[in-house]
Engineer: 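I have a structure here, written as structure tokens, and I will follow up with some questions on it.
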Amino acid sequence: MQVANKLSPFFENLNFERDDNTMVINFGPQHPSAHGQLRLVLELEGEQVVKAYPDIGYLHRGIEKMAENMTYNEFLPTTDRLDYIASTSNNYAYALAVEKLLGIEAPRRAQVIRTMLLELNRIISHLFFVATHALDVGAMSVFLYAFREREFAMDLMEDYCGARLTHSAVRIGGVPLDLPAGWLENLAAFCDKVDYELEHTYEALLTENRIWKMRLEDVGVISAEDALSWGCTGPMLRGSGVKYDIRKEEPYELYSELDFDIPVSDRCDSYGRYRLYMAEMKESTKILRQLIPMYSKTEPQLMAHAPQYISAPKEEIMTQNYALMQHFVLVTQGMRPPKGEVYVPTESPKGELGFYIKSEGEPYAYRLKCRAPSFFHTGLLQELLVGTYIADVVTIIGSTNIVFGEVDR
Amino acid sequence: MAQHQVNYASTAGLPIALTSVDKLVNWGRSNSLWPLTYGLACCAIEMMASGASRYDFDRMGTIFRASPRQADVMILAGTLSKKHSEFARRLYDQMTEPKWVISMGSCANTGGMFNTYATVQGVDRIIPVDIYLPGCAPRPETLQYAMMMLQKKIRRESADMKKNTKQDLTTQTGKKRARLI
Amino acid sequence: MRKYVPKDNVQKKAYYTDRFHVVPRVPRVAVEDAHFLSVVNAVKADITDSYVEIGTLVLHIKPEDNFKVLQVLKEQCGYTQCSEQSAVDYLAKDNEFELFWQLLNVTEAKRVRVVCRLANGAAIESVESLFKSANFAEREMFDMFGIKVNNHPFLKRIIMPDDWEGHPLLKTYPLQGDEFASWYEVDKIFGKEYRDIIGPENRDPSKIEREDTKRFSRVGYEVPFGAPYSEEQTDIEYSETVLVDYNKKPSKTLDKRR
């Protein structure tokens, strides 16, 4: 018997000496299908889960605490690391919350670019979902195909902002850069490519696949009341038959002008959610196609004009004294938004991503709370996993599409 | 049959390659580095991307393993929080010798932008690190480069792991030394 | 003289504030919307204040009424989802926490924020039986602020480890952690006796020890691990295919598929 001490401890995951014939299994925090650092303590009776206890916090980085110690502009790159699969949606949700607090609105061209980036991020995130979900269930080839298309989308993001993963592509009050030359043509080609591949590769590989259907159908069933009560949003809510999409119901940016559908599934199971993700990607390409002609009709202004809060464009800073002074104050001290509190929900690829900001008129937020969809979806696991079989646990975790950057923050 | 008899002296020489044990062992070690899938945060996505279709890690003999018992390299991809640190150390202890560690991304190197209460300020506080890979998040090419640097490093090492100078967890002044490995 | 740092709020402060700077307030509008008016009428007896701030109806209540008000909102006004719940630390100013519940009505697409002030040390009633999402949210609130929740099924730390000391989101808790936090992983893995060997955390992001050959090796000037720093070039070869030659002109051809 090994002598346990601090450096070579004696750990056993399985506990056999129990009276009630159940077995406790520790799933994670390092598990290839745990989507990050989820630790699940599962109590099994035979192969059936009788109790599940999700243990989170293994990726807690103190992001909300950082927000209280950073000026509003400083904090923006930190939001990238929340939902790191679709960074721009976090940047955008934060920027929108601060803009609502300041009472400013981004110019039209910035809105077009932002909406494009948001939808592009939605495609990136959904492709990633399909890739990892299929990989968890056992369809390795879909992972390789989906990452191929995802790389093209990442190339587009990289052309725009220079980063593959942590974009910081949105600023408070607008966007930092205009689209590079030829970007829109590439985007149109990418939309065609995604539509083609969705139909001919993913749907052909998965949708009618017998194994895929057997693994996903009637697994992880959430009723509409449960989904609402557990705080499910996004595809998790729409997969349970509740037609609620913030883009449609509480429209922000250009979504009120765009023509798109909200796919809903009444199946309430993992298969329905998978179909929903596929349909949402098609809607995203539809939105992107509508946005491309809108871009050319806009004025070239990229940042909102609000000298009290937002620095003037670089040309003005270099030529005009007052703009330079404002810029100096804004950079060294940070903007001081009015006193008040704001909660702005946005529809991120995972669900409702909202920032609650409490401002006391200081350059530092008094309290910032990030309402992350994955946090509540993880809470749901403790009820959803009970009664399922151990083989379905991975499927359910995959279909909830949780990202631990925003669960633990 | 006479045509099957090869005259080694006149064509390519004897089918013997002379080498040292070190070179032979290191050739094997460096060309089949199996990393542990240890995705912690954002960098894990780039680690997955480098294993996926465009970057294709497999061509370097790098195949991700889910179990620490089968892995040679631990790629610490992402922020290591204090709650997680003991598990990271335990996984490192579970890996069999010889083992190497790549610390991927700024968070793993130094804590990076997360200079907060919950983040381990550099994984080298708990695990000896061979390659530090900067970037937030490093691109897949960078991870491949790190892997190639690690291969170079392994090729320079001795086959006998006891002879290699491993990084030990000492203070920066280096007065007190303790082999924690 | 040592700089005075107030102990009750150790978060970062603005280093300079203009004497004449007047902080404006986000406008609070009286309730006019028909749906919001019906909500206000439904809970009229229990609210102390109500207004609309940036599109959200804000209801101020007394902390002991929280379950009652949320029940009315859920059952009569159709607010079936509690999208967020947390607290704000006002201990330094008022010795109180401000708690808020962010509710969503799916059919009307309206949002209500229920706000209450809870005295330090007091406990709040759990709303877990109304909204199951409060299960995790209340645990997080307990973890981050130490606010006790009555009748919660499993009130335990959720994000920080079980043996953690302190509640991180309090204003008295420094961003970079206290003494306990800074040694947590060393104590846990190696034990307290290894503190001297491993050394304190480096919290200075700009600190570079140029001659530290244990942590850094300069490409082209490498020395063995721990050997003295040297300015002599070493003959370690890096193959050209690996190192990028930035002087070379990049090829203009792009991948066709892009």
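Chain letters run A, B, ... following the sequence lines, proteins first and then strands; every chain starts at 1. Because only heavy atoms are used, hydrogens play no part in the values below, and waters and symmetry mates are left out as well, while side chains stay in.
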Engineer: Enumerate by number any residue of residues 112-120 of chain B whose heavy atoms lie under 4.5 Å from heavy atoms of chain A; in the absence of such residues, state 'none'.
Structural biologist: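 The residues closer than 4.5 Å to chain A, in numerical order, are Met113(B), Phe114(B), Thr116(B), Tyr117(B), Ala118(B), Thr119(B).
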Engineer: Does atom CD of Glu141(B) have more than 12 heavy-atom neighbours, drawn from other residues, nucleotides or ligands, at distances under 6.0 Å?
Structural biologist: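 Correct, the count exceeds 12.
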Engineer: Sort by residue number and list every residue of residues 31-46 of chain B having at least one heavy atom under 4.5 Å from chain A.
Structural biologist: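 The residues closer than 4.5 Å to chain A, in numerical order, are Leu36(B), Thr37(B), Tyr38(B), Gly39(B), Leu40(B), Ala41(B), Cys42(B), Ile45(B), Glu46(B).
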Engineer: Got a donor-acceptor contact below 3.5 angstrom from the Lys83(B) side chain to the Ile56(A) backbone?
Structural biologist: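 At least one qualifying donor-acceptor pair exists.
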Engineer: Who wins among Gly78(B), Ala66(B), Pro68(B) for the most heavy-atom pairs under 4.5 Å with chain A?
Structural biologist: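 When all of Gly78(B), Ala66(B), Pro68(B) are compared, Ala66(B) has the most.
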Engineer: Within the side chain of Ser53(B), is there an N or O that forms a donor-acceptor pair under 3.5 Å with the backbone of Leu144(A)?
Structural biologist: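 A pair under 3.5 Å: yes.
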Engineer: Does the pair Phe128(A) and Met48(B) meet the rule for a side-chain contact (heavy atoms from CB on, under 4.5 Å), with working shown?
Structural biologist: CA-CA 10 Å; Phe128(A) 189 84; Met48(B) 284 173 82; 3.8 Å; yes
Engineer: Looking at side-chain heavy atoms only, is the closest gap between Glu158(A) and Arg139(B) below 4.5 Å?
Structural biologist: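 Yes, close enough: below the 4.5 Å cut-off.
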Engineer: Determine, for Arg54(B) against Glu149(A), whether the closest basic-nitrogen to carboxylate-oxygen distance falls under 4.0 angstrom.
Structural biologist: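 No.
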Engineer: Taking the side chain as every heavy atom from C-beta outward, state whether Arg81(A) and Cys107(B) have any atom pair closer than 4.5 Å.
Structural biologist: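 A side-chain contact is absent here, since even the closest heavy-atom pair is not under 4.5 Å.
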Engineer: Judged by atom type as modelled, is there a donor-acceptor pair below 3.5 Å linking the side chain of Thr79(B) to the main-chain atoms of Leu59(A)?
Structural biologist: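 Not confirmed, Thr79(B) side chain does not pair with Leu59(A) backbone.
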Engineer: Given that the side chain runs from C-beta out, which part of Tyr55(B) has a heavy atom under 4.5 Å from chain A: side chain, backbone, both or neither?
Structural biologist: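 Only the side chain of Tyr55(B) comes within 4.5 Å of chain A.
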